[in-house]
Q: 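After the structure tokens below, expect a handful of questions from me.
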Amino acid sequence: MKAYILQRVLSLIPVLLTVAIVVFFIMHLIPGDPASVMLGADATEDDIERLREELGLNLPMYEQFFNWVFGLLQGDLGMSIYMKEPVLQVFMDHLGPTLSLAILAQGISILIAIPMGIIAAKKRGTSTDQMFMVGSLLGISLPSFLLALLLSLFFAVKLQWFPVAGYKPLDDGLLAHLEYLILPALSLGAIQAALIARMTRASMLEVLSMNYIKTAKSKGVKEKLIIYKHALRNAFIPILTVVGQTFGTLVAGAVITETVFNIPGLGQLIMNSIVQRDYEVLQGTVLLVSAAYVFINLIVDLLYGVVDPRVRLSRK
Amino acid sequence: MGKECLLEVKNLKTTFMTEKGPVTAVNGVSFEIYSGETLGIVGESGCGKSVTSESILRLLNENTTKYEGELIYKGSNLLSLSEDQMRHIRGNEISMIFQDPMTSLNPVYTIGYQIAESFIIHQRLGKEEAYTQAIEMLKLTGIPSPEKRVNEYPHELSGGMRQRVMIAMALACNPNLLIADEPTTALDVTIQAQILDLIQGLKKELNMGVMLITHDLGVVAEVCTRVVVMYLGQIIEEAEVGSLFSEPLHPYTKGLLKSVPRLDGDRSKNMHVIEGMVPSLNNIPRGCRFAPRCSYSTSLCEEKPPELKEIEDGHKVRCWHYETVLQEGRRKGIADAVR
Amino acid sequence: MEAKTIIQKTDQLYSKNLMKKERQSLLLRRYFSNRLVVTGSVIILILSLISIFAPLITIYTPYDMIVTARLSPPSAEHFFGTDNFGRDLFSRVVYGTRVSMTVGLTVAAITLVIGAVIGLYSAYYRTLDHILMRICDGLMAFPAILLAIALMAALGPNIINVILSLSIVNTPTVARVVRSAAIVVKEQTFIEALRSQGASSWRIIWLHIAPNTMSPLIVQITYVFGVSVIIEASLSFLGAGIPAPAPSLGNILFDGKIVIFNAWWMTVFPGAFIILSVLGLNLFGDGLRDLLDPHTNKVKK
Amino acid sequence: GCSSKSDNSNNDTSSASKGGSLKVAYPAQPTSLDPHLTTANATRDPARHIFETLVTLNSKFEVTPMLAESYEVSKDRKKVTFVLRKGVKFHNGKEMKAEDVIASMKKWQEGAVAKANLGNSKWEAKDEYTVILHVETPSIVLLPVLAEVGQFAAIMPKEVIESAGTSGITEYIGTGPFKFVEWKQNQYVHLKKFDDYKASSQPADGLAGKKEALVDDIYFHFVTDNSTRVAGMISGEYDLSVMMPWDAAPQFKNVPSLETIQAPLGIHTLIFNKQNGSLKNVKARQAVNLAIDKKEVLTAAVTDGYFRLDPGYMLKEQGLWYTDTGKEIYEAKDTEKAKQLLKEAGYNGEELRILTSRDYSQHYNSAVAVQQQLKKIGMNVKLDVVDWSTLLDRRNKPDQWEMFFTSWPVSATPLQYPFLDSRAKFAGWTNNPEIDKLLDQIKAQSSQDKAKETFNELQKVIWEDMPVVNIGAYDSISVKAEKVKGYQEFLGPVLWNTTVKE
Amino acid sequence: MKLYYKRGGEKVLQTLSDERAPILQVKNLRKYFPIYSPLGRVKGHVKAVNNVEFTLNERETLGLVGESGCGKSTTGRTIMRLTEPTEGQAIYKESDLFKLKRKEIEQIRQEIQMVFQDPHSSLDPKQTIGHAIEEPMKIHKIGSKKERMERTLDLLHKVGLREDQYYRYPHEFSGGQRQRIGIARALAVNPKIVICDEPVSALDVSIQSQVINLLQELQDNLNLSYLFIAHDLSVVRHIADNIGVMYLGHMVERAATDELFSHPLHPYTQALLSAVPIPDPKLKKERIILKGDVPSPLNPPSGCIFHTRCPHVMDRCKVLSPALTKKGANHFVACHLYE
Ligand SMILES: Nc1ncnc2c1ncn2[C@@H]1O[C@H](COP(=O)(O)OP(=O)(O)OP(=O)(O)O)[C@@H](O)[C@H]1O
Ligand SMILES: Nc1ncnc2c1ncn2[C@@H]1O[C@H](COP(=O)(O)OP(=O)(O)OP(=O)(O)O)[C@@H](O)[C@H]1O
Ligand SMILES: [Mg+2]
Ligand SMILES: [Mg+2]
């Protein structure tokens with residue numbers, strides 16, 4: 001087990017290296033740099049050049065890359081040019097909102113989607129099934145920004161049930177915290193919910209046709225128990241996979257949601273870092289987000305073992 | 001021990017609603033099972049053996065399956081029982097072992113739990129007590145160190161052991177009738193011998209009726225008392241084991257018996273062959289279902305489906321030409337004896 | 001002898017044609033009995049026709065502006081009203097659909113080819129697998145829309161770069177799907193049988209593994225198509241997609257966002273078209289999966 | 001309801017309720033709050049509440065003392081003596097003295113604005129409360145530059161300046177009516193009332209005079225998405241929002257609890273690349289001017305009612321400078337002549353790129369409209385839509401563009417426009433010796449009247465040589481909740497003397 | 001050329017198989033599959049094939065029997081070089097198959113072909129069966145397009161399929177027919193040796209005999225040598241001239257078929273034979289029921305690999321592994337009982 005985790009952690013290295021290379025070179029290929037951004041629209045070239053030199057931006061690109069990677073190897077993600085804080089610090093400052101948002105979105109989507117998928121599978125072919133599935137299809141087809149816009153228009157502007165935008169940390173009380181996050185989480189979780197509902201249904205349908213379900217039935221187990229005890233747990237692995245993968249997309253989706261709802265999370269941080277060319281913040285953030293994605297999927301893989309004992313010991 | 005009739009299957013007809021229209025996989029099957037006997041059901045793949053057995057416990061998907069006929073168990077028709085009443089019978093009075101022990105056990109629960117579940121459902125035992133009982137059951141099936149095994153998962157056991165677990169599970173509540181659907185097909189011969197031995201022993205001990213489904217005539221010959229031969233959803237012959245093997249009345253049974261390779265057969269001869277293939281259920285011959293492959297077939301066979309007819313005491317056959325078959329068989333038998 | 005072969009051949013020809021017809025009619029029947037695909041294809045067909053015949057069904061070009069008539073509501077003259085430059089919204093939505101469909105289609109085609117090559121080869125060669133899949137993992141771990149935004153920022157926004165960056169974003173998922181399907185196929189006995197006949201790897205990969213990964217691939221590709229339409233819209237929505245003045249559903253929405261309170265038509269129409277096109281594609285993909293998978297089609301209610 | 005340019009500056013504010021907090025939805029996050037560093041509005045607007053300058057502008061754009069009690073310009077105009085107000089405290093409790101002013105000015109002078117106008121001027125402390133500025137060449141812009149609002153000459157404690165790094169100060173300590181509390185990245189900047197603020201005794205006027213913090217807290221919430229700001233104002237989430245999208249204005253009219261404030265923002269210009277490409281030729285530029293329908297462009301950019309068709313490079317409000325010279329050229333619109341001029345310029349359908357960014361809708365919308373208009377005279381125009389930072393980078397490269405739109409906030413003098421001076425090397429690379437000469441002349445003039453006269457000449461040259469085209473002047477829209485009283489806008493939001501009635 | 005056998009009629013007894021020239025000699029074959037730890041280190045080995053030796057003669061069938069997992073398929077696959085052997089030699093036509101280069105082995109595969117167990121997965125579902133049969137000819141560039149087509153049609157005919165089925169897809173065929181297609185495909189390039197890996201295990205009895213008859217017929221007509229892998233002793237008995245019995249990677253006994261069935265020496269062979277159910281209810285024979293399961297090849301028992309289940313186990317067996325020794329003409333056994 002330990003060895004397995006170690007192996008997985010080691011396999012992170014090439015993945016993160018790919019991410020590092022891609023993010024570094026994309027960032028540095030984008031025209032514009034922090035020096036010109038910082039000095040504003042009317043700055044002269046000389047000023048910009050001077051600042052560039054001070055910030056070490058005039059070094060050859062490979063040199064900058066190796067400096068950065070060298071720092072990484074020592075656990076130093078660099079500094080934010082604007083915020084004058086270590087990237088890790090900046091990242092942590094923005095992690096909270098996104099994490100809350102992602103967890104809430106994922107929570108809502110799981111709570112809605114899994115029962116929906118189960119019911120649809122149980123009532124396969126009925127109108128309930130069709131309704132749920134068309135609903136979930138709509139969920140996939142509706143771009144999240146559109147949904148975000150509509151939700152905010154209706155619930156925040158028109159009904160004024162929720163604030164339009166902004167964020168309150170957990171310290172201000174759970175209720176205030178949630179009040180600001182409900183709409184964004186809904187708009188972010190819709191696609192997830194749709195995907196999970198569909199996966200649950202497909203997976204349940206497959207499991208329900210397995211022999212051991214027949215065995216359970218032949219033992220006289222109640223249908224409810226068959227579904228929730230015998231089938232669901234077996235159907236869980238593909239569901240878990242989707243949950244793990246969508247968790248990654250939540251962060252990406254957060255870019256839009258956080259923009260619309262003005263939540264100071266990683267999405268905003270990333271967008272702003274691109275806009276402001278805050279190289280090291282963007283590089284570090286993307287790297288950490290990617291690592292988190294890989295890490296979440298590692299956890300998902302480990303959860304497989306909890307759900308399914310077959311996975312526990314032997315791995316190919 | 002008296003032979004009481006446990007289950008009477010009367011004209012069972014099971015129809016699936018499929019994309020291409022209704023498919024009747026089992027068409028008018030009737031037989032009885034008595035306590036203490038082993039009834040064999042044989043037939044080639046797809047002839048409806050499993051559907052018959054699953055129909056008895058009503059395990060098939062209710063949405064897409066239609067049952068007709070009667071299944072008389074203890075005076076009531078299983079087909080007209082409520083789902084709740086049916087659940088009380090399943091696993092408690094009639095239980096079942098499936099063909100493939102790997103896929104028939106739930107991979108995510110320990111075998112202990114899966115056996116204990118029967119006790120918990122039907123005898124309302126507490127968890128601990130149920131586990132103790134589960135260990136007892138495992139012991140009964142001859143699994144070494146059952147105390148340890150109860151906490152293992154199906155994938156940690158070998159095929160033979162898994163099948164023992166299935167048996168332990170099925171026998172947990174002392175059922176009156178055990179349906180074993182190809183219990184040894186997935187196993188090796190030496191393991192198969194172990195399992196069959198076990199079922200035979202337990203049957204005697206518990207005085208159950210056993211319905212053994214198989215396509216292996218060798219297995220039937222070794223363990224069954226009575227045999228039903230199925231072909232394409234119908235019973236074509238039913239008899240005591242002895243008379244079926246010595247005097248098969250249906251050309252198909254006869255062909256089947258001959259084409260089974262035997263350890264004592266003549267190696268130099270070509271193996272006997274039943275020409276042709278089983279037609280699909282969507283395309284059933286109008287007359288006798290076996291007619292297209294039958295060497296005795298006449299125009300009568302092609303026109304008119306024969307009825308299942310009792311020829312001798314307990315020996316039934318569905319064939320227009322059983323007499324010819326019988327006579328030919330007797331002549332051959334004499335010839336064999338002479339040689 | 002010759003006569004015999006001729007007869008045989010005509011026989012074959014005959015039965016071949018017959019079988020083809022039979023198969024076609026069966027497929028057709030299955031197709032029409034599958035409500036999902038039919039609905040999906042009708043939607044896609046209509047949208048495709050709209051985009052192909054865009055110049056014929058619009059009165060105005062998407063660029064003609066009458067600034068004085070900006071933001072006028074739907075009327076007989078402008079079915080969908082006008083936008084913030086006084087351009088005909090109907091025309092812009094129609095051309096925008098054209099752009100979205102083109103982007104979706106091209107991205108689908110590119111990812112199909114590249115994803116298939118990567119997926120097949122990494123399924124077949126283990127060492128290659130390690131390298132390629134790590135790269136794919138890396139690209140997948142990279143939040144897709146960010147990669148697209150960053151790429152767009154780096155390459156500059158134009159339709160080719162949109163397509164390019166969406167292709168880069170989507171290729172890893174396609175490659176993964178192909179790979180996992182191909183790994184299953186590769187383990188099947190018929191591949192071993194081919195090897196035992198002395199078949200070369202090229203032959204095995206392209207003539208035998210590839211055709212057998214088609215159905216998950218097709219489903220994934222329709223998904224990519226849908227996702228590309230949405231991401232393109234999102235990029236445009238964030239101001240990083242198809243650059244103006246060319247219309248795309250996303251950048252119409254971007255413009256409409258600000259006037260959402262006083263010009264609902266600038267949100268409703270392009271929004272509806274995006275939903276329709278993605279919905280159509282998803283329906284089509286789902287139905288296609290059912291069509292291609294004989295197991296799910298067995299039981300009918 | 002909609003009101004005029006600014007809220008009638010109330011004098012009865014003292015009687016109005018004090019306290020409470022003001023939530024401002026601000027469209028952009030600053031890169032730094034160090035006003036010495038950048039001209040960006042996002043820095044200016046929060047920073048002006050924290051920091052103050054020696055002199056500032058009143059509502060008539062006249063230079064007025066602020067931290068200085070008074071100032072005196074020597075005869076030869078080479079020496080300015082500032083007498084500092086006594087007892088002015090920094091937010092850290094320290095009193096502001098001459099050494100702080102000198103340190104601050106030295107640092108400020110490294111910035112572009114100061115460097116261009118002050119050159120190597122020296123500061124000297126005469127005593128604790130007197131500083132003297134020595135300049136090499138006398139200039140009419142000297143004081144206006146010190147009062148400039150963008151990249152302004154903020155006075156900070158000496159220690160803060162000593163500990164500042166290359167990219168600005170790290171401690172935001174000034175003398176303003178509000179003190180800096182917290183900057184939550186991508187979230188808000190929080191300012192708090194500074195209790196020890198020592199206000200000027202003069203009446204409030206523009207940025208000058210008496211300032212009083214009437215609210216306890218100010219939050220500059222950074223809300224980059226325009227529609228979110230609009231929605232946030234409508235739902236009452238925020239109390240005030242500046243730089244609203246013009247298109248949203250009609251919407252606010254329907255909300256009784258909101259008031260719209262319209263204030264002059266500046267001039268809208270189309271900049272030509274005079275170093276590279278077809279527009280090097282003045283005839284081509286003139287053709288462009290003839291082809292552009294300025295009203296249409298401005299309507300597309302900022303919608304009807306928020307612009308003025310005006311050839312002046314200084315605003316009408318700036319009576320010290322304003323002139324409408326060049327009106328005929330500005331108003332001329334003649335497609336045929338434009339085509340003719342194009343032909344003369346030797347234009348052959350080469351692709352012309354308008355560099356623009358969606359980050360500023362007025363620039364982008366103008367570009368879209370102009371592209372259509374230029375097509376009519378046969379110009380092959382393409383839009384290069386990039387993000388703002390890319391635009392900043394690309395516009396410095398002569399081979400990457402032919403035109404771009406940009407606006408110029410109201411400036412105290414015309415000398416601050418970098419697009420005129422060849423020495424500023426500003427994108428577009430205007431290189432007209434005559435313009436340079438006139439600029440120098442203005443600078444050297446001893447009186448405002450003479451300077452204005454020379455400027456009149458300059459504007460004429462600009463309209464003839466057309467290094468840029470002035471499309472017109474336009475206003476910004478801000479929206480505030482009704483409960484916000486006493487708010488005014490002068491070259492940006494002014495939040496002192498403003499109350500929130502709870 | 002001398003014919004030894006005539007099927008279907010009187011048999012010409014053949015006595016010594018030495019008369020026939022050996023075509024394939026396998027010596028000292030070992031195949032260990034490494035087991036990796038998650039970190040990629042080798043944790044141990046699955047000893048799938050351990051020191052297997054046999055000779056396959058021209059126009060002869062060598063049967064390989066044993067229970068699931070004993071290494072039969074691995075033996076076959078190693079000879080085909082579908083997996084690389086750990087050790088050993090396979091002499092074919094004076095060259096060692098295991099030493100051939102990649103290109104050479106692709107060439108030699110024309111002469112050694114294989115028929116697989118599972119008729120469902122051994123055909124490409126997306127390829128018509130005509131093309132499937134033509135494929136090996138294409139690979140080895142045999143004949144023109146027309147010739148290939150004609151040969152394919154001929155082969156289809158030979159294996160009892162209709163020519164007009166050329167354009168059909170595998171899913172349109174039954175298991176038995178698919179197996180025939182597999183055989184036709186193996187024969188397309190005129191092989192000398194055909195390795196049949198459980199070609200009938202997946203088939204029903206009535207179909208099984210059709211395929212076996214076909215294989216025998218083709219052997220006679222085309223002078224083929226078969227390495228026939230199966231777990232069903234009664235089937236192997238029918239087709240094989242010599243039989244090797246495998247247990248846990250080892251060959252425990254090898255003899256001519258009749259010799260093996262009449263005088264099984266190894267206790268495992270004896271148990272295996274006794275466990276085969278005989279389709280004759282009158283014949284109640286004494287079965288040897290082995291205890292326990294087959295041990296894992298990852299961790300085989302010390303000494304004689306069979307000692308954990310052997311009814312005759314002696315102390316010696318637990319430590320000493322017996323060598324394959326000759327007991328009579330062409331009869332080899334590895335057991336301490338016979339030393
Ligand atoms: N759910 C179903 N829907 C439609 N047809 C079915 C269904 N289940 C079984 N059948 C069909 O019914 C027939 C009988 O199947 P059954 O499983 O009883 O055969 P069997 O005799 O048990 O065969 P085997 O030996 O392979 O287990 C088959 O043709 C099968 O295709
Ligand atoms: N690629 C492999 N990696 C690791 N172990 C393997 C591999 N292939 C086979 N084995 C193991 O080698 C042993 C022999 O397998 P093999 O397939 O040869 O058995 P078999 O006799 O053909 O069994 P069956 O009758 O089930 O086909 C088994 O324990 C199997 O698990
Ligand atoms: Mg069955
Ligand atoms: Mg095998």
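Lettering of chains follows the sequences in order, A, B, ..., and the numbering in each one begins at 1.
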Q: Checking C:H208 against E:E135 for the side chain to side chain contact (heavy atoms under 4.5 Å, CB included) test, could you report, in this order, the C-alpha distance in whole Å, the side-chain angles of both residues, the deciding distance, and whether it holds?
A: CA-CA 11 Å; C:H208 296 276; E:E135 182 116 27; 2.8 Å; yes

Q: If you tally heavy-atom pairs under 4.5 Å against chain C, which of E:M114, E:R77, E:Q127 wins?
A: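 Option with the top pair count is E:R77.
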
Q: Sort E:L82 into side chain, backbone, both or neither according to what part of it lies under 4.5 angstrom from a heavy atom of chain C.
A: both

Q: Of all the heavy-atom pairs spanning E:S122 and C:A193, show the shortest one and how long it is.
A: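 So the two residues come closest at O-CB, 4.2 Å.
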
Q: Let me confirm one number: the CG-CD1 distance from E:D124 to C:I209, rounded to the nearest 0.5 Å.
A: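 If I round to the nearest 0.5 Å, the distance is 9.5 Å.
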
Q: Are E:H140 and C:Q197 linked by a side-chain donor-acceptor pair shorter than 3.5 Å?
A: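 Result is no, nothing qualifies.
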
Q: Do any of residues 90-107 of chain E come closer than 4.5 Å to chain C, heavy atom to heavy atom, and if so which ones, in number order?
A: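 Near chain C, by residue number: E:R102, E:E106.
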
Q: Side chain from CB out, backbone as N, CA, C, O: work out which of these in E:I112 comes under 4.5 Å of a heavy atom of chain C, or both, or neither.
A: backbone

Q: Flag the pair C:F190 / E:P170 as yes when at least one side-chain heavy-atom distance between them is below 4.5 Å, and no otherwise.
A: no

Q: Do you know which two heavy atoms are closest between E:I139 and C:G198, and how far apart they sit?
A: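 Between these two residues, the closest heavy atoms are CG2-O, 3.2 Å.
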
Q: Do C:E192 and E:M80 come close enough that some side-chain heavy atom pair is under 4.5 Å?
A: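 No, side chains not in contact.
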
Q: Check whether any side-chain heavy atom of C:R203 lies under 4.5 Å from a side-chain heavy atom of E:K138, and answer yes or no.
A: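 A side-chain contact exists here, since the closest heavy-atom pair is under 4.5 Å.
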
Q: Could you tell me the separation between the OG atom of C:S196 and the CG atom of E:D197, rounded to the nearest 0.5 Å?
A: 10.5 Å

